[in-house]
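Working notes, beginning with the structure itself.
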Amino acid sequence: MSASLSERLIPKGKVVVNNNGFIKSTKSEHTDNSKNSKTTSIIFVSLLLDLLAFTMILPLLPSLMEHYRKYDDENGLYPWLLNKLEYLRNLVGAPERFNSVLFGGLLGSLFSFLQFVASPIVGGLSDAYGRRPVLISCLVGIACSYVLWALSHSFAVFVLARVVGGISKGNVSLSMAIITDVSTTATRGFGMALVGIAFSIGFIVGPVIGAMFARWAQTQAGHSDWFTVPAMFALSLAVIDVLFVVLCFQETLPKNKRASITQSLSQASAYISIPALFNFTAVTGLSHNDSKELTMLGLVYFVYLFLYSGLEFTITFLTHLTFGFTSMQQGYMFFCIGLVMAILQGAWVRRIPPQSTKKMAAHGLLLIVPSFLCVGLASSPLLLYIGLFLFAVSTSIVVPCMTTMASQFGTDAQKGTVMGIFRSLGALARAMGPVFASLCYWSLGSTLTYCLGGVALLWPWYTLFRSRR
């Protein structure tokens with residue numbers, strides 16, 4: 001094709017033709033790439049602000065539990081739950097000093113369970129109404145949860161704040177759907193890796209901020225409202241996040257690609273039914289093979305996170321009882337895990353080519369097996385550190401790669417639903433895993449629990465390895 005002929009056939013200003021007459025690039029492509037890169041950056045910043053506020057509360061939980069133990073009404077929610085927790089503690093044989101850890105774990109499970117309920121519903125609503133209004137609604141809900149925290153002079157109000165926050169946490173799966181909207185198969189892995197980097201940085205910096213507030217809280221033991229200061233700090237981050245998204249984020253799902261609200265509402269039962277979630281019933285129109293592959297992927301993801309979250313939660317018991325770690329040493333341990341994840345995801349995982357995503361996810365699943373075995377058999381800090389390093393490496397690979405794989409299923413109008421269900425399955429796993437792992441830990445012992453978990457993790461690896469996609 002000559003240059004003159006190509007100029008007649010293709011609108012001027014849209015393409016650049018090289019000396020051989022082939023199209024090199026288009027201005028519209030450059031514009032789209034720039035817009036997509038900007039959108040991905042906006043989502044990254046929004047997630048980071050949200051995660052900094054979310055993770056800073058983690059080191060404060062022991063101080064908060066002690067505060068409500070002292071100041072909650074004698075007929076309030078805290079004394080009632082403490083009596084129920086005492087039964088569980090005696091059942092599993094946990095020492096009394098771990099009441100606050102078990103309490104925090106139950107609150108974490110409640111939070112994850114609410115995410116399990118909310119994520120697919122939020123995804124489905126965004127498929128019908130667009131990503132922007134639903135994302136803003138989630139962020140406003142998160143900000144309201146921090147307002148409730150600042151006003152939580154009773155434990156019941158504090159739990160209500162966590163409930164509101166959990167219901168509003170659909171912004172994470174929604175962010176993944178947005179990245180799917182603006183990315184191609186070739187660039188989607190990079191976008192999902194950025195989500196992982198935001199999580200890693202959030203779980204590095206947020207707990208450090210929380211630890212600073214925890215130390216300050218120790219000097220405020222006589223003040224019944226000391227928690228207002230960290231709550232207001234979290235609220236300020238949440239408000240900045242809302243304003244940032246309102247001012248900078250543009251809709252990524254055009255109206256002509258949206259699902260009808262009638263269709264979304266008719267599938268509402270599929271969003272909250274556990275069997276329907278595992279079968280991805282709300283995602284219609286898939287071929288038999290694609291439906292089978294997506295169902296398999298969701299089950300693998302659930303089993304992986306179910307076992308993974310159990311180690312993540314019970315590692316605080318093991319390091320304290322076996323190695324005598326203090327709270328600060330445990331904080332440093334999680335800091336190092338997050339740092340390894342952030343470095344790997346920023347320097348390597350985001351560069352994994354699309355055709356290698358499944359292979360790397362399988363490698364990551366296999367890598368966590370010796371991680372569990374090292375931690376369970378550790379009698380010296382060296383073997384423990386090796387296990388935790390493998391744990392961090394595996395985590396940095398598996399979640400971004402499997403999320404990228406899930407994002408390849410469904411039409412443009414179904415991406416929010418797919419990512420919402422996928423995220424919801426992970427939240428359900430995180431809600432159940434810590435409770436199950438605690439029961440095993442105190443009933444069977446750490447060594448047997450981690451070794452059995454490591455062996456069980458061979459199933460998700462083998463299943464993904466044998467899949468066709």
Side-chain angles (χ1 to χ4, degrees), residues 92-94 98 101-102 105 108-109 112 196 199-200 203 299-323 325 329-330 332-341 344-345 349 359-402 425-426 428-466:
V92 301
F98 282 112
V101 180
L102 290 171
S109 292
S112 294
F199 268 86
S200 298
F203 276 84
L299 183 59
V300 167
Y301 187 65
F302 172 84
V303 173
Y304 163 74
L305 278 182
F306 176 82
L307 297 169
Y308 164 93
S309 62
L311 182 146
E312 187 181 42
F313 178 68
T314 56
I315 193 66
T316 55
F317 299 130
L318 182 140
T319 53
H320 180 77
L321 292 174
T322 304
F323 299 101
F325 278 22
Q329 286 175 308
Q330 289 176 344
Y332 178 72
M333 175 186 69
F334 284 114
F335 173 85
C336 291
I337 291 173
L339 185 61
V340 170
M341 290 171 56
L344 287 175
Q345 288 171 337
V349 176
K359 181 177 70 174
M360 295 311 302
H363 288 340
L365 286 171
L366 184 59
L367 194 62
I368 202 171
V369 174
S371 166
F372 269 57
L373 296 177
C374 287
V375 171
L377 298 172
S379 58
S380 67
L382 178 61
L383 190 58
L384 173 69
Y385 295 149
I386 293 173
L388 293 177
F389 175 77
L390 294 176
F391 179 77
V393 175
S394 170
T395 306
S396 68
I397 300 171
V398 174
V399 175
C401 287
M402 292 194 70
L425 288 173
L428 179 62
R430 286 185 173 276
M432 298 171 60
V435 176
F436 180 80
S438 294
L439 290 171
C440 291
Y441 185 98
W442 297 114
S443 302
L444 304 177
S446 61
T447 300
L448 187 56
T449 297
Y450 290 129
C451 288
L452 288 175
V455 173
L457 279 163
L458 288 171
W459 181 86
W461 163 75
Y462 181 76
T463 303
L464 185 64
F465 178 76
R466 290 293 302 273

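In this chain, numbering begins with 1 at the start of the sequence shown. If you're wondering where the values come from, they're calculated on a predicted model, not measured in any experiment.
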Exercise. Passes side chain to side chain contact (heavy atoms under 4.5 Å, CB included), Ile315 versus Leu318? Steps please.
Worked result: CA-CA 5 Å; Ile315 193 66; Leu318 182 140; 4.2 Å; yes
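- Closest of all the heavy-atom pairs between Ser446 and Tyr441 is CB-CE1, 3.4 Å.
- Of all heavy-atom pairs spanning Val340 and Phe389, the tightest one is CG1-CE1, 4.1 Å.
- Between the side chain of Ser200 and the backbone N or O of Gly196, at least one donor-acceptor pair lies under 3.5 Å.
- Ser109 and Ala431 get closest at one heavy-atom pair: OG-O, 3.0 Å.
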Problem set entry | Pair Ile397-Leu344, side chain to side chain contact (heavy atoms under 4.5 Å, CB included): steps then yes or no | CA-CA 8 Å; Ile397 300 171; Leu344 287 175; 6.0 Å; no
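- Remark: Met432 CE to Ser309 OG distance equals 9.5 Å, nearest 0.5 Å.
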Exercise. Run the side chain to side chain contact (heavy atoms under 4.5 Å, CB included) check on Thr395 and Tyr304 step by step: do they pass?
Worked result: CA-CA 10 Å; Thr395 306; Tyr304 163 74; 3.9 Å; yes
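- Pairing each heavy atom of Val349 with each of Ser396, the nearest pair is CG2-O, 3.5 Å.
- Phe323 and Phe325 have tilted rings, their planes meeting at an angle from 30° to 60° on a 0 to 90° scale.
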Exercise. Would Phe203 and Ile337 count as a side chain to side chain contact (heavy atoms under 4.5 Å, CB included) if you check the C-alpha gap in whole Å, the side-chain angles of each, and the deciding distance to 0.1 Å?
Worked result: CA-CA 9 Å; Phe203 276 84; Ile337 291 173; over 6 Å; no
Without placing hydrogens or testing angles, list every side-chain donor-acceptor pair under 3.5 Å for residues 363-379, not counting sequence neighbours.
{"from": "Ser371", "atom 1": "OG", "to": "Gly387", "atom 2": "O", "distance (Å)": "2.8"}
{"from": "Ser371", "atom 1": "OG", "to": "Phe391", "atom 2": "N", "distance (Å)": "3.4"}

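- The structure places CG of Leu425 at 13.5 Å from CZ of Phe306, a figure rounded to the nearest 0.5 Å.
- Of all heavy-atom pairs spanning Ala437 and Thr449, the tightest one is O-CG2, 4.4 Å.
- Heavy-atom minimum distance, Met402 versus Ala361: CG-CB, 4.1 Å.
- The stretch residues 428-448 participates, sequence neighbours left out, in these salt bridge (Lys or Arg N to Asp or Glu O under 4.0 Å) pairs: Glu312-Arg430.
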